[in-house]
Amino acid sequence: MAGRQQPLPSSGHDDLLDLDEDEHGPVYSYNSGQGPTLTDHEMLEAYNNGTSIPSTQPHQTQHLPGGPGPSASTTTLPIPSLAEQGRSYSQSSQGLNNYQRYSDLDNTSQLSDDDRGGNYYAAGGGIDEDAVPGLPLNRGTSKHRSRNSILSLGGGMVGRAKNMLGMGPEYSEMDLPLTETHPNRLGSESTQNSPPAKPRKTPGAKFKFGVPSFGRKKIDPSTLGPRIIHLNNPPANLANKYADNHVSTAKYNIATFLPKFLFEQFSKYANVFFLFTAILQQIPNISPTNRYTTIVPLGIVLLVSAGKEVIEDNRRRSQDRELNRSPAKVLRGTRFEDVKWIDLRVGDIVRVESEEPFPADLVLLASSEPEGLCYIETANLDGETNLKIKQGIPETYDIAVDAAVLGRLGGRIRSEQPNSSLYTYEATLTLQSGGGERELPLQPDQLLLRGATLRNTGWVHGVVVFTGHETKLMRNATATPIKRTNVEKRVNIQILMLGIILIILSLISSVGDIIVRETIGKNLFYLGAHYGDVGVAGQFFGDVFTYWILYSNLVPISLFVTVEIIKYYQAFLIGGDLDIYYAPTDTPSNCRTSSLVEELGQVEYIFSDKTGTLTCNVMEFRCASIGGLQYAEDPPEDQRAEEGVEGGVHDFKGMERHRLGDERGTARLIREFLTLLSVCHTVIPEVKVGKDGVVGGIKYQAASPDEGALVEGAVRLGYEFFARKPKWVRVRVDGGREEEYELLAVCEFNSTRKRMSCVVRCPDGRIRVYCKGADTVILERLRGRDEVVEKTLGHLEEYAAEGLRTLCLAVREVGEVECREWLEVFGEAQRTVSGNRAEELDKAAELIEHDFELLGATAIEDKLQEGVPDTIHTLQTAGIKVWVLTGDRQETAINIGMSCKLISEDMTLLVVNEENAEATRANLQKKLDAIRSQQAMNSGAGMGAELETLALVIDGKSLTFALEKDMEVMFLDLAVMCKAVICCRVSPLQKALVVKLVKRHLKAILLAIGDGANDVSMIQAAHIGIGISGVEGLQAARSADVSIAQFRFLRKLLLVHGAWSYQRISKVILYFYYKNTALFITQFWYSFQNAFSGQVIYESWTLSFFNVVFTVMPPFVLGIFDQFVNARLLDRYPQLYQLSQKGVFFRTHNFWSWVGNGFYHSLILYFVSELIYWNDGYLSDGKISGHWVWGTSLYTAGLVTVLGKAALITNIWTKYTVIAIPGSLAIWFIFLPVYAIVAPKLGFSTEYVNLLPVLLTDPKTWLMMVVVPVLCLLRDFAWKYAKRMYFPQAYHHVQEIQKYNIQDYRPRMEQFQKAIRKVRQVQRMRKQRGYAFSQTDESQARVLQAYDTTRERGRYGEMASSRR
């Protein structure tokens, strides 16, 4: 072909993709250049196994196609002619000299003339490459369909570059999350002959909610090469069998319910115990009781538990069903049709309109905004309510506007495989262009994630790339872990102890039986003809099993199911509590995992997200200081300024009077101040138009909520910013006069500069530099310090003391010559391509940012959720340590910590902010040594170490090093010495690792609370996960154990419901142990008098009904309604929480004391009843009462005793208590005559034949029912009296306060302490203050250059680009 450039020579190969020849033709060898990435799962596994995380390097994209900088190849292709560019080369990187061929074969000599003519690619995105005859890649055993082979993302040049770097065929950077780090590369040799790399494990790879994996192990898609997605070709996409868009968070399905449920149930030792007992009962001549008396109650217990699980799982399933049936608009032909989310498929082109969530992961093609820009809110993903900017690529945002054009769009996307990285994406889009094809790079800017919501943008068009469980949101989901509470674990141990007691009792009875048989067995002929002639060993083991069954009721069979039902009702009561119901959004609390309610009463550490959890992420312009005068929207009455009097705070109307009338000589400063607020920013104004076409007000699109608050504040003060052009800003003053300001340059904010400047030509023709930033950087750039500066500093301290975020504002007038010279320097800096452009821009800005005149300061309130400061302070008073884990910058996090009382004014801040591991280690060690030396000095002086004054602040980079295996204990030792910990700039994985670190080393109950998808890993790592379910997304709430609408509700949830639940559950479990021991150990005492023959005292079914009928109601009433202290006083005295936190109600000695008390009561029950029925109890007619009359009377006395004990331990009597305790006894007296008459006639329980007349007429029965319980409970009453009167605990005193309604005089002291705190806070704030910039460091220049809000929108609602 004429004019074609000759292929470049290469060493050893004629093609750039390293195609080696075999007998069938070229064989493609693809090397990705990346070693196996460290996925979240592998990092967690290394962390859990105690191995160090390998040293890593950040992923570099500098030399990849489409990335910054020159191509990686040492040789560059000559720039092709224009005719060639349209056919064989990519035009996506013309400015970078990074031309690449479109064909996977760079050596075009292998192609036929027809192939060169374009027949290969002309078919568009729907081509089936395997079906193309004569294609070199389709010969013989070519590996071009191995997913890794075709896609080098950049064609031959990049393929060669990757082989030069030694990238093996197992990996592609497309399936590597770029936020994760990669191992150091070990060389550049080819990996063709090396053994295959270990398949990577990606979080969520094996997991799919509620769906089991049978047969062969499913391949993790992230380990495959990139996927090909065809545009407007559904059959081609269906052939790849991508996952559908169905999402399930259910715990079970039909196939998995039975094995999962049985595994959970039989992980409880009690259920295993009863299953073993039920099996023993089926063996003839072993069981002294009916063969069904254990298996039937066990079946009932399991059925009730199964019902509870089904109900809770159906709730999850209904939520999934509602989500899957949400409507979406999908392109069908040339128009968009409504379909359900579940029916979306990979490759579908979707239209999403403003305020709608994205139904899947989409690649943005076009939007209604200029240059394909759109605004998304990721509150459901990361809790951030400030808007993020996404932008389509230039080649699509103009043509993908009309549905008819979209329907004819041909091409394909080569995308990375699904992975868990939320913030990275690599793909290419191949479009037909001029008879050929163009390959265009796609980046994270084009990816719209499921879970995010479109805001302030009319519509977007996007193509679906990941669906369902393959979306990045769901790839970050993990199977809900089976969380077992501390109480459950302790109960399991206690069941083992009861089992040991049972075995001891069985062995004693078995040995007794052998002794009796060997000594007097021949005299006991009525027990069997050969009673004394048996084999000792066989008889011994038979006796052990017999007595095992006889004493098996010592372990309460209904304990677990009773506790589960109680927890379920406790969860129901939490959900129905109006105090934790949020009316504005109609959101009640929801306890999704009822089995964890008692853990709420034992929390020692709370790990909280900041944005959306502690704060609303809504900024409000509150105060301003201009020219030494203070202004506020609503000044306090005691500080309101008076006319003619110096000082005080003016309201905003006073500012308007001063601006218009120049009463205080500050009119010029106020005008400059408001001009700066309305001009110096990166906000985009959008005119709101209603559905009826009526034009409303202006809505400001701001990447930072701080910026939006300042602009809206200027609007309230009369300066309305209403239109933006690339180089102009228009402001409407007092609703009438319009002023236009020319933007000559914008020096953007970054975390190093801590300021932003605009060089502006004002309407009066003068050039001014407006600058706003942190007080520290503005003050050092003033021309001098005068009285206004000093007054402003005083005002800043007052604002900071109130927890407000402050900015200083300054202005400087610049001459024409100086401005022109500076603009040349600034332009040169903007054109810098050596990689240090940001540094050059900062240096250029320094040249003009000096000699400012201070205008004043602003104060913005980063609005905390209602009640957050009081909640945190109360929780800390309750002995709970609060750690805040946030992605915000250090200054912002500290400022919020001050505002929400996490950090108090008298705390010493320990800041760890280092760049490398050694510096971090040295910093941590230095602080630890200082604290320990202080402890030693204080202890030597007889003083306690004052550790309450410490707060630790550590940033994400230092935390990365601190979490390494050799440093984690040092970090934890320092952190636990502090009352509060703030971790800044942390990733979702780091949040989970911090929680796991504390969980691993401390025996403490941890609670994590958050509101975004980035908090899910932290929520699931903690013992208890709390999700905030408010106006925004519900991802965290759906993954959490409990969801609440506001952080302040955590106070009642823990201090009241948590304390109640723990005390109730503890009491119920201990009461179960007691009542079973009290009744069933009488059987053991009886064995000493029945020659260890295994004879029972009670009828079998009546014995089985003891737990499931006659004593079933008192535990429910105790567990659901009992209150040891009422809610008001638990909230008033948060120190009471430490009783449950320290496990006072459920210690090991509590278990032994209650079991011992049961033994004591059984002893009295048995021997006193034996005395009453001495010689079988003669009746008035001379006959004896008989065994079953005595046994039934003893059963009645035991029932009255355990019900009396329930009454004695009840703290609050309600109508339900009356129904439960006296009612249970009434049920027994109704049941007994009915059962004693009916059962024998039906052929079972024949022990009751003719029993009733004797029992009811025998006075000894009624005597036992009164005397024996009194004798038993006398000791209990005396002990309770002694404890309360002579050894009272804290809650006993509060109970007295509750009973007699004693007044509390502490509020006066609290007001005094509050005044002291404010003074100290002012002193502390002089050292450090927060400033009101919260946007990221990314450039907003593209936004400013793109928008011209004065243009009309097109016929499809799109806004044309201003660059045309």
Side-chain angles (χ1 to χ4, degrees), residues 619-627 629-633 650-688 696-702 704-725 727-744 746 756-773 806-813 853-860 1332 1344 1347 1349-1350:
M619 308 296 178
E620 290 186 1
F621 182 71
R622 288 279 305 278
C623 306
S625 171
I626 308 176
L629 298 180
Q630 284 196 80
Y631 301 92
E633 186 175 22
H650 302 270
D651 58 16
F652 284 162
K653 290 182 180 178
M655 183 191 297
E656 185 178 0
R657 290 195 306 271
H658 296 168
R659 175 169 61 88
L660 299 176
D662 201 14
E663 300 173 9
R664 299 294 185 100
T666 56
R668 181 187 65 83
L669 292 179
I670 294 174
R671 287 195 294 270
E672 295 281 19
F673 183 94
L674 296 178
T675 300
L676 190 154
L677 292 184
S678 56
V679 171
C680 184
H681 53 73
T682 59
V683 176
I684 303 299
E686 181 184 73
V687 178
K688 292 184 285 189
I698 294 177
K699 187 172 185 179
Y700 294 110
Q701 301 174 356
S704 157
D706 304 279
E707 293 255 82
L710 291 173
V711 173
E712 289 169 359
V715 171
R716 295 209 307 273
L717 297 172
Y719 276 58
E720 182 185 20
F721 163 59
F722 69 94
R724 177 185 289 283
K725 291 182 178 181
K727 291 293 183 181
W728 296 87
V729 171
R730 289 182 181 175
V731 177
R732 187 180 293 118
V733 180
D734 294 329
R737 185 177 79 256
E738 294 185 0
E739 297 179 350
E740 191 169 78
Y741 295 84
E742 182 183 359
L743 289 177
L744 301 177
V746 176
M756 173 188 176
S757 298
C758 288
V759 182
V760 177
R761 188 183 299 277
C762 299
D764 60 5
R766 298 182 179 181
I767 298 173
R768 293 182 176 91
V769 180
Y770 290 116
C771 183
K772 63 181 180 183
T806 58
L807 278 181
C808 280
L809 279 60
V811 66
R812 177 183 173 229
E813 194 169 314
E853 176 189 9
L854 182 67
L855 295 175
T858 61
I860 294 175
L1344 303 183
Y1347 271 87
T1349 58
T1350 62

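Throughout, residue positions are numbered sequentially from 1 according to the sequence presented.
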Who pairs with Glu739 by side-chain contact (heavy atoms from CB on, under 4.5 Å), at least two apart in sequence or on another chain?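 In terms of side-chain contact (heavy atoms from CB on, under 4.5 Å), with neighbours along the sequence ignored, Glu739 is linked to Val733, Arg737, Tyr741, Pro763.
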
All side-chain contact (heavy atoms from CB on, under 4.5 Å) counterparts of Arg732, not counting sequence neighbours: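 Result, side-chain contact (heavy atoms from CB on, under 4.5 Å) vs Arg732: Glu720, Phe722, Glu738.
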
Atom of [X], atom of [Y] and distance for their closest heavy-atom approach:
| X | Y | result |
| --- | --- | --- |
| Ile698 | Pro685 | CG2-CB, 3.8 Å |
| Val746 | Cys758 | CG2-SG, 4.1 Å |
| Val731 | Val679 | CG2-CG2, 4.2 Å |
| Phe673 | Ala624 | CZ-CB, 3.9 Å |
| Arg671 | Arg659 | NH1-O, 3.6 Å |
| Ser757 | Val769 | CB-CG1, 4.3 Å |

Partner of Tyr631 by side-chain hydrogen bond (donor to acceptor under 3.5 Å, both in side chains), out of Glu656, Lys653, His650, His658: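 Of the listed options, the one satisfying the test is His658.
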
Could you walk me through whether Ile767 and Val760 pass side chain to side chain contact (heavy atoms under 4.5 Å, CB included), step by step? CA-CA 6 Å; Ile767 298 173; Val760 177; over 6 Å; no

From [atom1] ([X]) to [atom2] ([Y]), nearest 0.5 Å:
| X | Y | atom1 | atom2 | result |
| --- | --- | --- | --- | --- |
| Phe721 | Ile684 | CZ | CD1 | 6.5 Å |
| Ile626 | Thr858 | CD1 | OG1 | 10.0 Å |
| Leu669 | Leu676 | CG | CG | 12.0 Å |

Short question: side chain of Asp734, backbone of Gly736 - any donor-acceptor pair under 3.5 Å?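 No, Asp734 side chain to Gly736 backbone: no donor-acceptor pair under 3.5 Å.
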
Looking at Lys772 and Asp706, is any side-chain nitrogen of the basic one under 4.0 Å from a carboxylate oxygen of the acidic one?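 No, no charged N to carboxylate O under 4.0 Å.
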
Only distances under 3.5 Å count here; give the side-chain donor-acceptor pairs of residues 710-719 to other protein atoms, sequence neighbours excluded, each with its distance to 0.1 Å.
unit_1, atom_1, unit_2, atom_2, d
Arg716, NH2, Phe621, O, 3.0

Could you list the residues that satisfy side chain to side chain donor-acceptor pair (under 3.5 Å) with [X], not counting sequence neighbours?
| X | result |
| --- | --- |
| Ser678 | none |
| Arg622 | Glu861 |
| Arg668 | Glu853 |

Begin from the C-alpha positions of Leu809 and Leu677 and carry the test side chain to side chain contact (heavy atoms under 4.5 Å, CB included) through to its verdict. CA-CA 9 Å; Leu809 279 60; Leu677 292 184; 3.5 Å; yes

I'd like to know whether Glu620 forms a side chain to side chain contact (heavy atoms under 4.5 Å, CB included) with Glu633, so could you lay out the CA-CA distance, the side-chain angles of the two residues, the decisive distance to 0.1 Å, and finally the verdict. CA-CA 10 Å; Glu620 290 186 1; Glu633 186 175 22; 5.6 Å; no

From CA spacing to verdict: side chain to side chain contact (heavy atoms under 4.5 Å, CB included), Thr675, Arg768: CA-CA 11 Å; Thr675 300; Arg768 293 182 176 91; over 6 Å; no

Of Arg761, Lys727, Arg730, which meets salt bridge (Lys or Arg N to Asp or Glu O under 4.0 Å) against Glu740?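 Among the candidates, only Arg730 passes.
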
